[in-house]
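Presented below is the structure to which this report refers.
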Amino acid sequence: MRNIVVLPGDGIGPEIVAEASRVLAYLNDRYALELTMAEHAFGGAAWEAQGDPLPASTLAACREADAILLGAVGGPRFDEAPREKRPERGLLRLRAELGLFANLRPALLYPALADASSLKAERVEGLDIMILRELTGGLYFGQPRGIEIRNGERVGFNTMVYSESEIRRVAVRAFEIARQRSSDARAARLCSVDKHNVLEVSELWREVVIEVSRDYPEVELTHMYVDNAAMQLVQTPKQFDVIVTGNIFGDILSDAAAALTGSIGMLPSASLDADGRGMYEPIHGSAPDIAGQGIANPLATILSVAMMLRYTLDEAAAADAIENAVGATLADGVRCRDIGGGVDSVSTRGMGDAVMSSLQRAAR
Ligand code: NAD
């Protein structure tokens with residue numbers, strides 16, 4: 001038995017997670033995946049009910065889990081919570097407690113949505129790239145940090161620091177993913193993004209990535225400066241396959257890549273630990289402006305389940321089934337409001353129904 005913890009969270013979280021859970025429960029039967037699923041309180045809802053956004057019982061369950069499915073947390077209702085009890089703090093704590101250092105953000109554009117992109121359709125049609133961002137080190141966590149008075153004026157400072165082992169583990173994960181994504185039709189390619197011309201930390205980053213590459217001769221490794229990568233990503237994004245980079249560079253590049261695909265409601269993500277266990281969630285937040293209306297797009301969460309099947313549970317056939325069903329649903333013209341549904345938009349539940357029938361159709 002493999003153990004899945006489900007954290008619906010706040011805002012639209014419970015609505016979108018309900019659809020994703022339905023898909024996972026169906027595949028659990030269909031592919032005999034032997035999964036158990038249990039919901040736990042997390043985020044603002046847990047703070048209201050139990051006084052803590054990450055209750056001890058939820059943390060304990062997450063530690064035991066093979067994988068976690070998260071909706072989203074946060075919302076204006078919880079602004080009155082003390083800073084350390086804010087839902088977002090609970091999420092940062094959970095990621096840190098579980099050592100989730102590898103953040104995977106795919107940017108994939110379904111052909112049916114090519115018009116939703118900020119770029120011309122021909123530049124993005126068929127876009128399918130994966131950005132792997134280091135999540136628990138680098139500039140966001142480095143010490144020393146602070147603001148202090150020096151020579152009579154305020155000075156702010158942070159430290160960009162990576163140890164060899166931190167670089168190595170994220171590089172290994174990136175090479176593994178590049179290899180896993182390759183096929184007869186697609187060579188395995190990895191682009192490591194750094195600022196090697198200016199930063200010592202990038203010099204070490206590049207050295208270690210090159211060392212790791214010796215174990216993966218079948219993966220073609222290239223290097224790119226982050227400023228050039230930003231430009232290339234918005235000009236010719238299809239040149240990339242897998243990108244690996246540090247925390248701050250990945251933060252910025254992955255948001256730019258998300259914009260290429262047109263809708264925030266479509267993009268899943270994964271955060272993995274050293275053993276490949278992980279937390280899976282849409283990249284969007286709790287969307288308080290539309291919560292409770294039943295109109296949120298559940299596809300990012302449903303596609304997060306596909307990532308869970310692929311990257312933690314090693315169930316590629318079930319993952320393919322979800323991705324194909326989402327593609328078929330979009331090709332059929334089914335749309336939520338955020339992806340241009342207009343007057344014919346389907347509800348959250350309606351989109352879940354459409355994906356379920358595509359799955360069932362494909363299984364016949
Ligand atoms: P958001 O992603 O929640 O919403 C931004 C916009 O996108 C809104 O107009 C929203 O309606 C729309 N949107 C988002 N997801 C959608 C979906 N599935 N279908 C249709 N439309 C969708 O970002 P925000 O408004 O900046 O943040 C709201 C709350 O979420 C804040 O409290 C923030 O801290 C939190 N947040 C949580 C996470 C997380 O849980 N991982 C991530 C980001 C933001």
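Counting starts at 1 for both ligands and their atoms, in listed order.
Looking at E315 and R2, a side-chain N of the basic residue comes within less than 4.0 Å of a carboxylate O on the acidic one, giving a salt bridge.
With G285, G71, S286 as candidates, the residue nearest to atom 42 (C) of ligand 1 on a non-hydrogen basis is G285. Summarising the contacts of atom 7 (O) of ligand 1 with I12, D10, I264, the nearest heavy atom is found in I264.
Cation-pi contact between R169 and F101: present, with separation from the ring centre below 6.0 Å and deviation from the ring axis of at most 45°.
Atom 33 (C) of ligand 1 is flagged as protein-proximal [any protein heavy atom, distance under 4.0 Å]. Atom 27 (O) of ligand 1 is not flagged as protein-proximal [any protein heavy atom, distance under 4.0 Å].
Ligand-side atoms of ligand 1 in range of E88: 31 (C), 32 (O), 33 (C), 34 (O), 35 (C), range being under 4.0 angstrom from any heavy atom. Each of the following atoms of ligand 1 lies closer than 4.0 Å to a heavy atom of A296: 19 (N). Every atom of ligand 1 with a heavy atom of I290 under 4.0 Å away is listed here by number and element: 11 (O), 20 (C), 21 (N). The contact set between ligand 1 and A72, taken as ligand atoms under 4.0 Å from a residue heavy atom, comprises 40 (O).
For ligand 1, none of its N or O atoms has an N or O atom of I295 under 3.5 Å away.
Assignment of A300 to the shell around ligand 1 is not supported, since no heavy atom sits closer than 4.0 Å.
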